[in-house]
Asks: 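Handing you a structure now.
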Number of protein chains: 2
Amino acid sequence: MASRAKATILDIAREAGVSKSTVSLVLQGSGLIRPETAVKVRKAIEDVGYVYNRGAANLRKAHSNVIGMVINDLTNPFFAELAVGMERVFQAAGIVPFIANTAENPVRQEEVLKSLMEQGVAGLIVSPARGTTPGAFRRIEAAGVPIVFAMRRLPESRIPAIAPDNHRGAYLATQHLIGKGHRRLAFFGGSSDLVVYHDRLGGFLEACEALGIPAADRTIVEGETSRRGGMACLETALAAPEPPTAALCFNDAVAFGVMLALRKRGLEAGTDFAVVGFDDVAEAEHYMPALTSVAVDTAGLGERAAHVMLKMIQSRTTRAEDHIGAVSLAIRESCGPDRNARGVGMGDAA
Amino acid sequence: MASRAKATILDIAREAGVSKSTVSLVLQGSGLIRPETAVKVRKAIEDVGYVYNRGAANLRKAHSNVIGMVINDLTNPFFAELAVGMERVFQAAGIVPFIANTAENPVRQEEVLKSLMEQGVAGLIVSPARGTTPGAFRRIEAAGVPIVFAMRRLPESRIPAIAPDNHRGAYLATQHLIGKGHRRLAFFGGSSDLVVYHDRLGGFLEACEALGIPAADRTIVEGETSRRGGMACLETALAAPEPPTAALCFNDAVAFGVMLALRKRGLEAGTDFAVVGFDDVAEAEHYMPALTSVAVDTAGLGERAAHVMLKMIQSRTTRAEDHIGAVSLAIRESCGPDRNARGVGMGDAA
DNA sequence: GCCTATAAATGGAACGTTCCAATAAATCAA
DNA sequence: TTGATTTATTGGAACGTTCCATTTATAGGC
């Protein structure tokens, strides 16, 4: 069935009775060829079942049209939303981005990046895996391939980053919690090898500072950025002598975990313990109870990242401005007032 | 900063004082090279920041090591799980799969496939978009590139498919519902342009038939395979004069939608209305109430699909056996007994 | 010392494109 | 008519690899 050797531009040329150059021109939609000739060539292309060999073309052209998207955790719907936002703008530009998953593993990430580079990508949008070493992108930068970080960035890298205003988001959320009367607050999940972690935790701490929550009444529990991590965080926090009554979670996955763990203990999120998430994934709105979360406009950030990348490629530069996206607090049902709040910070733990 | 022109095998040869052929041999890990020479070459490679040009190599080798994964909806965690399963086995084989999303759009799918083919993929694992035309893969088959369908298949295609036993899964679920005393059953979501839909609906109908649910007591509502679709299904079903008391949903997303819509009406899934999902995504177990669902071992199917693909590539064939994965019913809390069940099918709607 | 066998390294011709410079054909100005 | 201009088409040299057929170096047997 399958045609033996795959057809090349020369086969088409023979079939159509023109030169290979003419075929090439037709393929590129050049206006230099007579319309009738173009038609003839296109028919030949169809007849022989030709498939364009982009590898060969790139050998001469030196600029491919593939863009790689390296995602640290595809199973987190948050990143899927991000990817979808990017795809929207790339599609409009006639580009097909290739997505690769690193599963939060720096070694895997290394392999993925290498493979993408060998494929000759025109640019890379990366949400780096936890524990990525500072030098991981040195070679790519040296090769002059534009990179932009999405959502996450690296400690001291000059690579442009597109991310939400994590500090402010955390501040807003914490303020909200305090406004509800909570005086013993926790920050759940994430780990200090992530820059985002420091941003979010920083916002939390600043709000505590500014609104009079003493250090002794703040509980900070690092943990996996997943449901399971969230469950673990709640358990350790509640084991303390004076446990918190509210928590800001590193992300929504952690928040879901916390709510799960609450339920397991017969407690209800919102009335017995307040929880706020971060990222506002689609699910947050539909959860039971609906999760109050910091909305970051995920798809919008994806679009922005894609635009920045496109501009970098077009202007052949490897530099660009960072972009900090606006955030807002989506207030729902997962954090009611502190039930035993009377005076300020004097109530005992149950 | 960036080295002007990118380094080639010849630059390395010059740097290391050997011929390009030697460099090529080293790159391929040939045992023909004296170890000391290899070391020298590898050092040169490091020094000049060389990146391998796979496009150029493929021009000669005619077999690439990239595999494309075409997914119809990345935001559905179900497909993300599938992708993760596949990645596991490809990683072990030293292959980096590229994932592309079609967002359930056949036109987009066409573009994606074209792009992947131009890139010279060695094989394609595809979960076809809704409304894919029968001829969509003809050219790829003609080019001799192996394809396997995952989860979904096309009406009359000879392309091997890896999928769960949808018919049996639906039968099991329906049987469970009937066993709980329900007599007016619904099948929610999905649409008849999907082969899976007919498989699952078929299982549902067969169970109804076998266990004595007359056609008049079956409600079938097509709809989007998403939360929103599920909500719509419930609404239409409950508007009927004798509404169903239980539903088997096309997939978990639909089931979540149904539960949401129930809650909006002040009804509770499990006690007021029974709902069963399909696919058993990770979320199902954690939902409130936990969703009873047909477990299909998603990641396992992904692994299987990857293995089949690997074998096809290795044996240079384009044919393979279909594979139907075993299913089981994960019984949780979302379907209690029919509350007004006394006699058979005589209770009036609320 | 010579011949042969083995090991290590090499030059050159592909592979399928693009694109420049050149040609051929058609049109126009005089 | 002739030369200049424009419009279509074309050959050939790259691009960065691989791999075959050679060459060169090293060792062994006598």
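Sequence lines set the chain letters: A, B, ... in the order given, protein chains first and strands last, and positions in each chain run from 1.
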Asks: Does the side chain of B/Phe79 reach to within under 4.5 Å of the side chain of B/Ser127, using non-hydrogen atoms?
Replies: yes

Asks: Can you measure A/Ile9 atom CD1 to C/dG16 atom P for me and round it to whole angstrom units?
Replies: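 After rounding, the reported distance stands at 11 Å.
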
Asks: Expressed in angstrom and rounded to an integer, what is the separation of A/Leu10 atom CG from D/dG11 atom C1'?
Replies: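 So the two atoms are 12 Å apart, to the nearest Å.
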
Asks: Could you check whether A/Lys43 pairs with A/Glu46 (Lys NZ or Arg NE/NH1/NH2 to Asp/Glu carboxylate O, under 4.0 Å)?
Replies: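 Looking at A/Glu46 together with A/Lys43, the answer is no, because their closest N to O distance does not fall below 4.0 Å.
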
Asks: Scan B/Leu27 against the nucleic acid and name what it touches under 4.0 Å (heavy atoms): base, sugar-phosphate only, or nothing.
Replies: nothing

Asks: Between C1' on C/dT17 and CD1 on A/Ile12, what's the gap in Å once rounded to a whole number?
Replies: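 Taking atom C1' of C/dT17 as the reference, CD1 of A/Ile12 is at 11 Å.
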
Asks: Check this for me: does the side-chain of B/Lys20 come within 3.5 Å of the base of C/dG12 through a donor and an acceptor?
Replies: yes

Asks: Measure the distance from CD1 on B/Ile45 to C1' on D/dT17 and round it to the nearest whole Å.
Replies: 13 Å

Asks: Measure NZ/A/Lys61 against P/D/dG16 and give the value in whole Å, please.
Replies: 16 Å

Asks: Can you tell me how far apart CD1 (B/Ile71) and CD (B/Glu104) are? Round to the nearest 0.5 Å.
Replies: 11.0 Å

Asks: Expressed in angstrom and rounded to an integer, what is the separation of B/Leu32 atom CG from D/dT23 atom C1'?
Replies: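 Interatomic distance, CG of B/Leu32 to C1' of D/dT23: 15 Å.
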
Asks: Charged N to carboxylate O under 4.0 angstrom, B/Glu118 versus B/Lys114?
Replies: yes

Asks: Quick one: B/His63 NE2 to D/dT17 P, roughly how many Å, whole number?
Replies: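 Rounding to the nearest Å, NE2 of B/His63 and P of D/dT17 are 16 Å apart.
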
Asks: If you pin B/Ser24 and A/Arg34 to their nearest nucleotides in DNA chain D, which one's is more 5'?
Replies: A/Arg34

Asks: Closer than 4.0 Å, any side-chain N/O of A/Ser19 to the OP1 or OP2 of D/dT9?
Replies: no

Asks: For D/dT9, does either OP1 or OP2 sit under 4.0 Å from a side-chain N or O belonging to A/Thr37?
Replies: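 Answer is yes, contact under 4.0 Å.
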
Asks: Side chain of B/Tyr52 only, please: which of C/dA9, D/dT18, C/dT17 is the nearest?
Replies: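 The nucleotide sitting nearest to the side chain is D/dT18.
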
Asks: Does any donor atom in the side chain of B/Ser24 or B/Ser21 lie under 3.5 Å from an acceptor atom in the other side chain?
Replies: no

Asks: Where each residue is assigned the nucleotide of DNA chain C containing its nearest heavy atom, which of B/Arg60 and B/Pro35 is assigned the position nearer the 5′ end?
Replies: B/Pro35

Asks: Taking the side chain of B/Leu59 as its heavy atoms from C-beta onward, which of D/dT9, C/dC19, C/dG16 lies nearest to it?
Replies: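 Selected nucleotide: C/dG16.
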
Asks: Name the nucleic acid region contacted by A/Ser21, choosing base, sugar-phosphate or nothing; use a 4.0 angstrom heavy-atom cut-off, strictly under.
Replies: base

Asks: How long is the line joining CZ of B/Arg14 and C1' of C/dT10, in whole Å?
Replies: 16 Å

Asks: Look at the side-chain N and O atoms of B/Gln28 and state whether any lies under 4.0 Å from the OP1 or OP2 oxygen of D/dC19.
Replies: yes

